[in-house]
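Input: a single structure, listed below in structure tokens.
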Number of protein chains: 2
Amino acid sequence: MNTESMAFATPKESLGILLGLVRAEIVRAMEAELAAQNVDLRFTQFLILKRLARLGPMSASELARSVELDGGAMTRQLDQLERKGYLRRCPHEQDRRALRIELTAAGDAMWQQLTDCNERVLAAAQRTLDESEQAQLHDYLERVLRALRDKN
Amino acid sequence: MNTESMAFATPKESLGILLGLVRAEIVRAMEAELAAQNVDLRFTQFLILKRLARLGPMSASELARSVELDGGAMTRQLDQLERKGYLRRCPHEQDRRALRIELTAAGDAMWQQLTDCNERVLAAAQRTLDESEQAQLHDYLERVLRALRDKN
DNA sequence: AAAGTATATTTGTCAAGGCAAATATGTGCT
DNA sequence: AGCACATATTTGCCTTGACAAATATACTTT
């Protein structure tokens with residue numbers, strides 16, 4: 001009659017729920033690691049530093065889009081991270097509306113300290129998947145993401 | 001030297017970011033569908049109705065755990081959903097501390113209306129994966145979830 | 001049965017994020 | 001140049017969710 005059979009022990013979570021659960025666990029694990037190292041950063045702030053460390057300076061809105069964060073929220077996160085001394089708001093060369101957000105030396109150092117902790121959590125999360133399975137998971141997620149964005 | 005090569009056009013999102021992006025898109029898509037049908041429900045509320053529709057009546061805290069929502073937040077969501085007439089708080093038979101949350105007829109009818117919209121979004125999201133790939137994605141995510149939870 | 005501990009629900013408080021309005025620039029068209 | 005429209009950042013306002021405290025009830029041990 002319908003496409004799904006309910007005759008399982010685990011009622012088979014839908015993709016939406018499952019993604020939420022997995023993400024929540026990753027956030028929890030990362031924030032625990034951060035706290036364990038006495039680093040006063042939330043997951044969002046950690047992500048922002050990571051983007052900057054890996055992709056280099058960019059504008060606030062590029063940063064916002066890349067972590068799926070509202071522009072207003074980004075402004076406030078930048079306030080906090082700037083206050084902590086991890087980044088700097090510089091004028092953008094080509095666009096006087098925009099900012100060029102760049103890591104300070106302290107921000108860079110902080111990222112050096114965090115990169116291990118980051119990799120540890122991700123490795124732990126994927127420890128039951130072998131290399132090719134990890135790549136496949138990644139590929140599937142990217143395809144799902146593209147499918148959702150190219151909605152037509 | 002390190003395990004990741006950065007020589008790709010797309011800098012290979014980490015699992016944490018990717019999950020966030022995909023989930024955000026699914027939430028966005030679902031809320032757009034709900035709005036298009038003039039249904040005044042947020043994604044969280046939709047999830048709650050879905051759980052109740054699929055798993056039957058349960059206590060507020062079971063519900064909260066199953067959608068990874070704080071107990072306090074659940075109380076307020078239940079307030080709203082009860083006010084809209086979609087569910088009822090009944091006394092729990094075996095445990096006088098707890099509630100038995102059950103859908104009303106209106107809540108059931110609402111779910112009937114939403115189930116299509118739900119499946120449409122999930123199908124669209126996974127449209128570039130064939131059946132076995134969808135199953136595999138699901139399996140990988142569940143394994144990651146277990147790995148994160150059984151942290152030891 | 002009394003005490004101590006664990007769980008369910010509710011409420012207060014606070015931080016984070018979404019949305020809209022304001023301001024300052026860019027970009028394209030005429 | 002002038003105008004319309006799009007984009008970048010900031011700020012105010014509001015909702016949601018996390019955390020903690022309060023209350024009620026269960027469960028366990030003495």
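Small disclaimer: the values here were computed from a predicted structure and weren't measured. Proteins get letters first, then strands, A, B, ... in listed order; numbering begins at 1 in each.
Among residue pairs with one or both ends in residues 78-108 of chain A, none qualify as ring pair (Phe, Tyr, Trp, His ring centres under 6.0 Å); sequence neighbours excluded.
Distances shown here put a side-chain N or O of A/T44 below 4.0 Å from the OP1 or OP2 atom of C/dG17. Distances shown here put every side-chain N or O of B/Q94 at or beyond 4.0 Å from the OP1 or OP2 atom of D/dT25.
A straight line from CZ of B/R96 to C1' of D/dA24 spans 9 Å, rounded to a whole angstrom. Distance, B/R89 CZ to C/dT9 C1': 9 Å, rounded to whole Å. Here the P atom of nucleotide D/dT11 and the CD atom of A/Q77 are 15 Å apart, to the nearest Å. We find that CD of A/E68 is positioned 12 Å from C1' of C/dG17, with the value rounded to whole Å. Per the geometry, CZ belonging to B/R28 stands 9 Å off P belonging to C/dG18, to the nearest Å. Put simply, CG on B/D40 is 13 Å from C1' on D/dT15, counting in whole angstrom units. Distance CE (A/M74) to P (C/dA15): 20 Å, rounded to an integer number of Å. Distance B/I48 CD1 to D/dT16 P: 11 Å, rounded to the nearest Å.
Residues A/T104 and A/R88 bring no donor and acceptor atom of their side chains to less than 3.5 Å of each other. Side-chain atoms of A/T115 and A/K50 include no donor-acceptor pair closer than 3.5 Å.
Taking every side-chain heavy atom of A/R65 into account, D/dA8 is the closest of C/dT13, D/dC13, D/dA8. Comparing C/dA16, D/dA18, C/dC19 against the side chain of A/Q80 picks out C/dA16 as the nearest. Of all nucleotides listed (D/dT11, D/dC19, D/dA8), D/dA8 comes nearest to the side chain of A/A98. For B/R97, counting side-chain heavy atoms from C-beta on, the closest listed nucleotide (C/dA6, C/dT25, D/dG17) is C/dA6. Of the listed nucleotides (D/dT9, D/dC19, C/dG17), D/dT9 has the atom at the smallest distance from the side chain of A/T75.
With DNA chain D read from its 5' end, the first of the two nearest nucleotides for B/G72 and B/D95 is the one closest to B/G72.
Checked by distance alone, A/R42 brings no side-chain donor or acceptor within 3.5 Å of a matching partner on the base of D/dG17.
Residues satisfying the side-chain contact (heavy atoms from CB on, under 4.5 Å) test with B/R97, not counting sequence neighbours, are B/D95.
Checked by atom type and distance alone, the side chain of B/K84 pairs as donor or acceptor with a backbone atom of B/D40 at under 3.5 Å.
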